[in-house]
Every structure is written in structure tokens, then in C-alpha cells.
Amino acid sequence: MSFSNTFDTTNTGPGVSNREDLTDVLTILAPEETPVLSSADRQRASATNVEWTVDALSAPVTAGVAEGADVTAFTDQFSGRARLGNRIQKFRRDYMVSDLQEAVDSVGPAKIAQAEAKAIRELKRDIEATLCSNNSPSTEDGAGSVNAMRGLGQWLETTANTGGAGVPTDVPATFRTPTASVQNAAANFTESAFNTLITSIFTVTGNTNNLMLVADTALRRDISDFARTGFDTNNGTNPGVRTVNYDGGSGEIKLAVDLYQSDHGVVSIVNANPDCMPSTQSSYTGYVVNPEYYGVHELIPMGSTRLPNLGGGERGFVDCALTLGVYHPGAHGKIFS
């Protein structure tokens, strides 16, 4: 004996008239935070090559001056100045929606305004990934090479680039990132190595505040492990027990580290966007930056341009042109694996 059912939608019967239950919810799962871009000071650029000057103080002198001694030699106080720079890079994302799609009802919805908003979100991630990259600068030549900025990963190198890895030779040795400010995390980043890096930055800037560590996932876990004083894997009946620094007056045990206070600097710990860290490195990557000593220079601010509808539907693009200014590579540090 036949009966009415919901699964037979190809033949005549009640199944063909069942309504769909499509909720008006659209979910996009992707990391969107841009901590390096968001914390950078914004400057206005007026050329495709943005430059700035750096200088340094001479070493302190402790010797005295003889009574009655005349000044017979003079110092050029500006002989140590250098000019650094970075190329403006253009970013663009396009979007379009057909005329029929614009007319129908859809979940989300999927209209031209939503397409534009999504393109802007993607553009911000493009910028963050480029700022955090190991990219080398390049200059537009009309023959395939385009203007591209030098990424933070290459700015924070200790040796000159002579054909391999390293910071380009246009950064004088005096202003390069000190060796101790670049730490190899391998598979386990220690608290001692972190303090060595912070102290190295302090010897350059003399500043004990305003540092920020933008840490990828594995590195962030290692930093949080600083709150754990031990990990016993051979405990017999109860293996894997951690010894934790615990304040008995508190009602909770906090294992995450958001603010690290050392002898030579206070560092706020923030999560990096895992999609925007250098793809050639592992998740043990991180940048210790001082926002006072880097910024973003905008030649073309982020904006949207609508293009003519030629019959198929609305379309346009979002774009901007900017570069990264690292005002003193020695004021920052890098952790890599």
C-alpha cells in the first residue's frame, strides 16, 4: 500500500510541494584580525618611493677635559645619518553581481553592497599578509616588474643580503636589527630567549614600554607556558601533570599570558592572523614591534570604485596604495623557526 512521504520529489505526490527551510544566516569562517595594520601609525605619502632618515648618538665619553684646554678638533654630528625607504605597493580586489542575482531574494543577502564589503575585508587581509611577509622590494619597470614593498620579515634581519637571505644592503650595519633581537624558536621558545630579545631591544631604544608581540599560534602557546613551571611526563599513575604558579587568593587559574613584564620592557601579547604570517615559516613566528617606530604610508587611501554596468550586472573594485615604514629596524625583534 503506497503512502505519502517527503523523500519522493521526482514523481507526482506531496513531496514536490514541500517548502525548503533555508535560514537567513551566512557564515564566513576565516581569521580577519589585522593587528600589525591596526596598530600602525598612518602617514600620508606623496611619491611611490617613501624615504626617511635615521641617526644615532655616539658612544658616551667618560674622560675629563684638562683645565684651560682649547677646542682644536670638531665633530660632524650628522656624518652618521642614513636614508632608508620602501616602495609603495598597490592592492586591489574586484567584485560583481549579475543583474538577476541583484533582483532575487537570497540568504546573506548576495547584493552588490555585500560583494563590495567582502572585497574590502579581503583587501585588509592582503595588506596584513604583505606587511608581515618576507617580501623584497621591487620597482615598476614597465616590463613585468611592479612596485612592491619590503615586508617586516626582511626589515628585521641581522646580516646584509648578498644574494641570499637577509636585509638589503641599503640598510647600514649601524641600523640593522641586532643579532640578539632575532631569535630562532625552533620547536620550543624559552622564557630566557624571550628576555634576551627584550633586553636587546632595550639596549637600542632605552624604552621599557610600548612593545607588542604579534604571535602565531604555536609561539603563543609557548609564551603561555611561561606560567607553568614544570611538566612531568613520567609521573606514573598521573602522567602529564603540570606545576602551575597559582595565587591562592584568586578564584581561577589563568594560563594565558596577555601582558609580559620583564626587567627591560613590558610586552603586550596579541594573536597574529594565522592566514597572514609568512607561509615559508612555521607557526612559531612572531614580531616584537614598537608602534612608535613603524607606520603605514598611504598614497591612495582605501576606497571603492564602481564601474559601468555593460548589461551583465553591477561591478567594481576596491583598492589602495601604501607601504610599510620601519623607522629603525633596531627598535623591533623577530622570532622565527
Side-chain angles (χ1 to χ4, degrees), residues 19-45 48 86-135 140 146-149 151-153 212 214-217 220 270-281 283 285 287 289 291 294-324:
R19 295 182 182 273
E20 291 183 343
D21 182 6
L22 181 60
T23 60
D24 192 22
V25 175
L26 173 66
T27 302
I28 297 178
L29 293 178
E32 289 193 58
E33 296 299 319
T34 55
V36 175
L37 175 62
S38 300
S39 62
D41 183 39
R42 300 299 177 93
Q43 302 285 338
R44 185 77 173 92
T48 56
N86 209 352
R87 304 295 302 188
I88 289 285
Q89 180 170 332
K90 191 168 184 178
F91 297 86
R92 178 189 293 166
R93 285 279 183 163
D94 59 85
Y95 57 90
M96 73 166 296
V97 172
S98 73
D99 53 354
L100 294 181
Q101 181 61 54
E102 185 73 23
V104 303
D105 290 334
S106 58
V107 171
K111 308 296 185 182
I112 191 66
Q114 287 71 38
E116 181 182 47
K118 184 179 178 182
I120 292 174
R121 293 161 66 184
E122 292 174 337
L123 190 70
K124 289 179 62 179
R125 283 166 35 106
D126 294 343
I127 297 170
E128 180 78 0
T130 308
L131 294 176
C132 296
S133 71
N134 296 314
N135 292 358
E140 187 93 29
V146 300
N147 284 325
M149 74 171 74
L152 192 58
M212 178 179 71
V214 182
D216 209 344
T217 52
R220 180 66 191 264
V270 300
N271 290 321
N273 187 321
D275 285 348
C276 297
M277 297 302 280
S279 59
T280 57
Q281 298 183 14
S283 54
T285 306
Y287 296 115
V289 295
Y294 83 95
V296 168
H297 296 252
E298 295 179 321
L299 182 63
I300 301 176
M302 186 179 298
S304 179
T305 302
R306 293 288 180 90
L307 297 175
N309 183 343
L310 301 180
E314 296 293 330
R315 54 185 181 162
F317 64 88
V318 293
D319 70 341
C320 64
L322 52 83
T323 194
L324 170 66

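To the nearest 0.5 angstrom, Lys111 atom NZ is 8.5 Å from Gln114 atom CD. From Arg121, atom CZ reaches atom CG of Leu123 across 13.0 Å, with rounding to the nearest 0.5 Å. Between Gln89 atom CD and Thr48 atom OG1 the span is 12.5 Å, to the nearest 0.5 Å. Between the CG atom of Asn273 and the CG atom of Leu37 there is a distance of 11.0 Å, given to the nearest 0.5 Å. Separation of atoms CG (Asp275) and CG (Asp216) is listed at 9.5 Å; rounding is to 0.5 Å. For the atom pair CD1 (Ile127) and CG (Leu322), the distance works out to 5.0 Å, reported to the nearest 0.5 Å.
Contacts classified as salt bridge (charged side-chain N to carboxylate O under 4.0 Å, His left out) and involving residues 294-315 (residues at least two apart or in different chains) are given here: Arg42-Glu298, Glu116-Arg306.
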List the steps and the verdict of side chain to side chain contact (heavy atoms under 4.5 Å, CB included) for Leu131 and Val296.
CA-CA 9 Å; Leu131 294 176; Val296 168; 4.3 Å; yes

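Nearest heavy-atom pair across Ser304 and Tyr95 is OG-OH, 2.8 Å. Closest non-hydrogen pair, Val270 versus Arg220, comes out as C-NH1, 3.9 Å. Taking every heavy atom of both residues into account, Pro35 and Met212 meet most closely at O-CE, 4.1 Å. Taking both residues in full, the closest heavy atoms of Pro301 and Leu299 are given as CD-O, 4.0 Å, listed atom of the first, atom of the second, then distance. Heavy atoms only, all atoms of each residue included: Pro278 and Tyr287 are closest at CG-OH, 3.6 Å. When all heavy atoms of Cys132 and Cys276 are compared, the closest pair comes out as CB-O, 3.4 Å.
Put simply, the side chain of Leu152 does not reach to within 4.5 Å of the side chain of Tyr294, judged on heavy atoms. The side-chain heavy atoms of Lys124 and Met302, taken from C-beta on, include a pair separated by under 4.5 Å. Annotation: side chain of Lys90 is not in contact with side chain of Ile88 (no heavy-atom distance under 4.5 Å). Two residues are said to be in side-chain contact when any heavy atoms from C-beta on lie closer than 4.5 Å; Glu140 and Val146 meet this criterion. Residues Val289 and Val36 have side chains not in contact (no heavy-atom distance under 4.5 Å, counting atoms from C-beta outward).
Listed for the Asn86 side chain is a donor-acceptor partner under 3.5 Å among the backbone atoms of Leu324. Asp41 places no side-chain N or O within 3.5 Å of a backbone atom of Gly295 that could act as its donor or acceptor partner. Within the 3.5 Å criterion, the main-chain N or O of Arg125 finds no donor-acceptor partner in the side chain of Thr34.
Shown here are the salt bridge (charged side-chain N to carboxylate O under 4.0 Å, His left out) partners of Asp126, two or more places apart in sequence or in another chain: Arg93.
The local environment of CD in Glu33 is sparse, with at most 12 non-hydrogen atoms from other residues, nucleotides or ligands closer than 6.0 Å.
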